[in-house]
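Worth saying up front: this structure is predicted, and the values here are computed from it rather than measured. Starting from 1, each residue takes its place in the sequence as its number.
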Amino acid sequence: SKRTGAASRKDRGNEMDVDDKYIEVDPEKLGGTPVFRGTRVPIKNLFDYLEGGDDLETFLGDFPTVEYEQVLGVLELFRVKLLAEYEVAA
């Protein structure tokens, strides 16, 4: 399915950037909630687990459709975005 919610982005054909590779936003899946690509697992669940003190192994055990590479990719994506925001604000 084609990614939605990215109207401000130019269409790049088949090229995927990091968030397209790991994150899917589809109105047909959980009403457009960002999920791990190819799953119905919301990205928010990962952060809820981490905030609650759970480790990645626990998260992955509870959501077997999510792959370790996807978790690392999402964490890296948010790390880069967070650091970029701090650099702009400084």
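Looking at Y22 and L77, their side chains never come closer than 4.5 Å, going by heavy atoms from C-beta outward.
Here L56 contributes atom CG and L50 contributes atom CG; the two are 6.0 Å apart, rounded to the nearest 0.5 Å. Note that CG of L82 and CD of E87 are 10.0 Å apart. Values are rounded to the nearest 0.5 Å.
Residue L60 is grouped with residue F47 when hydrophobic side chains (ILVMFWY) are merged at heavy-atom distances under 4.5 angstrom, including chains of intermediate members.
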Report all side-chain donor-acceptor pairs from residues 62-75 shorter than 3.5 Å, counting only partners two or more places apart or in another chain.
from : atom 1 : to  : atom 2 : distance (Å)
D62  : OD2    : Y49 : OH     : 2.6
Q70  : OE1    : E67 : N      : 2.7
Q70  : NE2    : R37 : O      : 2.9

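When all heavy atoms of V25 and P34 are compared, the pair lying nearest together is CG2-CA, 4.0 Å. Taking all atoms of both residues into account, the shortest heavy-atom contact from E24 to K29 is OE1-NZ, 3.1 Å. In this structure, D54 and T58 approach most closely via the heavy-atom pair OD1-CG2, 4.0 Å.
Residues forming a side chain to side chain donor-acceptor pair (under 3.5 Å) with D48 (at least two apart in sequence, or on another chain): K44.
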Step by step, would you call I23 with F36 a side-chain contact (heavy atoms from CB on, under 4.5 Å)?
CA-CA 5 Å; I23 300 172; F36 287 93; over 6 Å; no
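With a 4.5 Å cut-off between side-chain heavy atoms of Ile, Leu, Val, Met, Phe, Trp and Tyr, the cluster of V35 takes in L30.
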